[in-house]
S.K.: 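Mind having a look at this structure? Questions to follow.
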Number of protein chains: 2
Amino acid sequence: MKGKATSFDIAHYAGVSQSTVSRALRNSPLVNEETRKRVFEVAKQLNYKVDKNASNLRTQQSSTLALLLFEDPTADESQINPFFLAMLGSITRACATQGYDLLVSFQSTSADWQADYEDSHRADGIILLGYGDYVDYQAKFSSLIEQNTKFVCWGASVDNRPDLTVSCDNYGGGKLAAAHLLRANRKDCAFIGDASEHSPEFFARYQGFKDEFNQHGINLSERKMANAISTEESGYHATRSLIANNIHFNSLFAASDLIAIGAIRALKEAGIKVPDDVHVVGFDNIAVASFTNPPLTTVQQDTTLAGQMLVNNLLKLIRGETVENTLLPPSLIIRGSSV
Amino acid sequence: MKGKATSFDIAHYAGVSQSTVSRALRNSPLVNEETRKRVFEVAKQLNYKVDKNASNLRTQQSSTLALLLFEDPTADESQINPFFLAMLGSITRACATQGYDLLVSFQSTSADWQADYEDSHRADGIILLGYGDYVDYQAKFSSLIEQNTKFVCWGASVDNRPDLTVSCDNYGGGKLAAAHLLRANRKDCAFIGDASEHSPEFFARYQGFKDEFNQHGINLSERKMANAISTEESGYHATRSLIANNIHFNSLFAASDLIAIGAIRALKEAGIKVPDDVHVVGFDNIAVASFTNPPLTTVQQDTTLAGQMLVNNLLKLIRGETVENTLLPPSLIIRGSSV
DNA sequence: CGACATTATGACACCGGTGTCAGGTTTGAA
DNA sequence: TTCAAACCTGACACCGGTGTCATAATGTCG
């Protein structure tokens, strides 16, 4: 057999027309059961596979979703944020169970990223994933919507945000963390992260955290906050700067696990003991969290469910159904860094 | 504008034929510079994107590669082997720089996995990634080759293996680990992993390790070996069983970092100190390795280079060039678990 | 000025399926 | 016997590009 078999080849060997082959293979009720059997047999024998390009071209859809991963352009690409990798895993599986393929693409946060997967008919819809500065993206999102591109985002849903989102209840997660520290009477708390509108997730985590403290009559001191992006390195430096400025605290809430891990490193270096001197709580429950020393107490995001919701919501959107922003409940994982 | 713009729309507005539009957009030298400019302008205005399905159908290629990730069907899908996730990252980037899209698919090791991405013209070639039992795959590989499917595998190249591979020099890596332990005079060494033909990577690591010891006149005891697959859990149990059997050793070589991390947990639980009582060396240098307690000495595989080689070799194969199996040099990362 | 090369463009077949329409055969009811 | 409904099948246009071939316009040279 030269080249790949086409439906015409099957038709020839099965003694039917090409139309019938197409119908038979797609289990159309219009085709006789015996004919179908014969067609399937020949198809199997010739190792025939439907040409996706021809099929997609005709039906105008691709059974494929695209996943765009946004990463700060870090020097070391092997250090991809483990939280997103976990999400990638669950999204891939969710796609598979729905019979969709998944195109994966890393995009640089800064650059003018490409979302032409749908325009070019490579994908029926797009999933956007990454801690990004959504302020910068507003315009892009609006233009995508204007072009009627189907897409969903992972991330905090903020007011006036034009896109459809699936996110963890970051506010509630922050409250969980605060309540936990308050139970241990660790009221003198530092926060490492970014509580500005540029990081809506971190912002919501901090708000929930602060509100819980307020409800217990405690005001968090602004002096005990330090800015950090979601890397170990950044968490380390932010914590060091607090220590260097002689700021005291007996607990610490980090906006992400990576930050928390960096913070613990800085604390250890300064001779401050975790959890004896400072209780530490992170956010995400990445795989590393249980291997740190001490193991990290953290707020878990259900990545499996998140992946499913992203895929399901996107598919609904593609089918033209109405979809709401989705909020997933977090849960507290208590480990050695806070007991 | 109802629906998406096609090249006919561009042709209409630019006042040329559809053929010319196609040529202009693909920078054919046959088209006049002024005409090209006009076409590009109209295309941009209408937000035109070439339909990949039509284009692929006609040219019979897809500018897409497929990545099949094999995982033991673990219960918890968020616990994907971090080494492979690092590989996934580098493969994605390598594809992007070569102008290819990447389809990602998780496959269950046990099931009869699908490699019909090329048959269905969804991808031009396939990358296979995973610690698999290659003995089981031999037949499948042969049939893929028979069908002239283009694919490359990550993994040890063994004799009689029909497929094209890119791999780390596992044998050399084993020697590096052994030499390191011998320098510290830790001659009484245990091995946790699987030194059978079913795990050619682990087998090669063990061979190199053993040979280095032999060259120093030391024979490793078979009693000090315990079987494990590449999970933390498995490493933990294997190490526990050694301890339970009163087997003594003052160093330990784990076939992977995950195994090493499990081993350290088991050692700690038994009151055995790392590194004081037992030096531990792992393999892979996954991100977690530097956060363990103590930080893990390990043999690093260059995932960035590995991803590039996989993609480059596959593209050569697709272009019909001759390609050789590729062996990448490992390097030793010394951390607290062995000093 | 005529022969010929060069350049730019349009017409058209083609890639491999899908879906519509028309037609032929069989079955059942009037 | 006649007609219609049910069932099955083939012919054919179509999806939106790409590549080949023919042709027109312009330039070059003996």
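Just the heavy atoms: all of them, side chains too, but no hydrogens, waters or symmetry mates, feed the values below. Numbers restart at 1 for each chain; the letters A, B, ... are given by sequence-line order, proteins then strands.
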S.K.: Under a 3.5 Å distance rule, please check whether B:Asp119 uses its side chain to pair with a backbone N or O of A:Lys49 as donor and acceptor.
M.R.: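 Answer holds: no.
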S.K.: Who are the side chain to side chain donor-acceptor pair (under 3.5 Å) partners of B:Ser167, not counting sequence neighbours?
M.R.: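 If we apply the side chain to side chain donor-acceptor pair (under 3.5 Å) test to B:Ser167, skipping adjacent residues, there are no hits.
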S.K.: With a 4.0 Å heavy-atom cut-off, tell me which residues in residues 16-28 of chain B come close to DNA chain C, sorted by residue number.
M.R.: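 Per residue number, the list reads B:Val16, B:Ser17, B:Ser19, B:Thr20, B:Arg23.
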S.K.: For residues 54-61 of chain B, dump all side-chain donor-acceptor pairs below 3.5 Å to protein atoms at least two apart in sequence or in another chain.
M.R.:
residue: B:Asn56; atom: ND2; partner: A:Asn53; partner atom: OD1; Å: 3.4
residue: B:Asn56; atom: ND2; partner: B:Lys52; partner atom: O; Å: 3.1
residue: B:Thr59; atom: OG1; partner: B:Ser55; partner atom: O; Å: 2.9

S.K.: Donor-acceptor pairs are to be reported for all side-chain atoms of residues 144-153 of chain A against protein atoms at under 3.5 Å, with residues two or more places apart or in another chain.
M.R.:
residue: A:Gln147; atom: OE1; partner: B:Asn47; partner atom: ND2; Å: 2.7
residue: A:Asn148; atom: OD1; partner: A:Lys150; partner atom: NZ; Å: 3.3

S.K.: For the backbone of A:Phe8 and the side chain of A:Thr6, can you confirm whether one donor and one acceptor N or O come within less than 3.5 Å of each other?
M.R.: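 Between the backbone of A:Phe8 and the side chain of A:Thr6 there is a qualifying donor-acceptor contact (under 3.5 Å).
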S.K.: To the nearest 0.5 Å, what is the distance between CG on B:Asp163 and CG on B:Leu128?
M.R.: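 If we round to the nearest 0.5 Å, B:Asp163:CG and B:Leu128:CG are 7.5 Å apart.
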S.K.: Kindly determine whether B:Leu65 and B:Ile318 satisfy side chain to side chain contact (heavy atoms under 4.5 Å, CB included), including the steps that lead there.
M.R.: CA-CA 10 Å; B:Leu65 302 182; B:Ile318 290 169; 3.9 Å; yes
S.K.: Strictly under 3.5 Å: I want the nitrogen or oxygen pairs between protein and nucleotides 23-25 of chain C, one per line.
M.R.:
none

S.K.: Mind checking what makes side chain to side chain donor-acceptor pair (under 3.5 Å) contact with A:Ser120, not counting sequence neighbours?
M.R.: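 By the side chain to side chain donor-acceptor pair (under 3.5 Å) rule, A:Ser120 matches A:Arg122.
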S.K.: Indicate whether any N or O donor in one side chain lies under 3.5 Å from an N or O acceptor in the other, for B:Thr97 and B:Arg93.
M.R.: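 B:Arg93 and B:Thr97 do not have a side-chain donor-acceptor pair below 3.5 Å.
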S.K.: Residues two or more places apart in sequence or in another chain: which of them pass side chain to side chain donor-acceptor pair (under 3.5 Å) with A:Ser62?
M.R.: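 With neighbours one apart ignored, the set is A:Asp124.
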S.K.: For DNA chain C, which residues of residues 29-43 of chain A approach it to below 4.0 angstrom with any heavy atom?
M.R.: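 Output list: empty, so none.
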S.K.: Any side-chain hydrogen bond (donor to acceptor under 3.5 Å, both in side chains) involving residues 34-46 of chain A? Give me the pairs, sequence neighbours left out, ordered by first then second residue.
M.R.: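 side-chain hydrogen bond (donor to acceptor under 3.5 Å, both in side chains) check on residues 34-46 of chain A returns A:Glu33-A:Arg36.
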S.K.: So do the side chains of B:Trp154 and B:Ile127 get within less than 4.5 Å of each other, counting heavy atoms only?
M.R.: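 Result no, sub-4.5 Å side-chain heavy-atom pair not found.
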S.K.: For the residue pair A:Ser17 / A:Thr20, report whether a side-chain donor-acceptor contact shorter than 3.5 Å exists.
M.R.: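 Yes - a donor-acceptor pair under 3.5 Å links their side chains.
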S.K.: Show every salt bridge (charged side-chain N to carboxylate O under 4.0 Å, His left out) that has at least one partner inside residues 310-326 of chain B, sequence neighbours left out.
M.R.: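 Listed once each, the pairs are B:Arg319-B:Glu321.
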S.K.: Which nucleotide span of DNA chain D, 5' end to 3' end, has atoms closer than 4.0 Å to non-hydrogen atoms of chain A?
M.R.: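 Contact span on the strand: D:dC8 to D:dG16.
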S.K.: With distance as the sole test, does B:Thr92 use its side chain to make a donor-acceptor pair with the main-chain N or O of B:Leu88 at under 3.5 Å?
M.R.: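 Here the side-chain-to-backbone pair exists.
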S.K.: Need the bend value for the helix from C:dC1-D:dG30 to C:dA30-D:dT1: angle between end axes, 5 pairs each end, nearest 10°.
M.R.: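 Rounded value for the end-axis angle: 50°.
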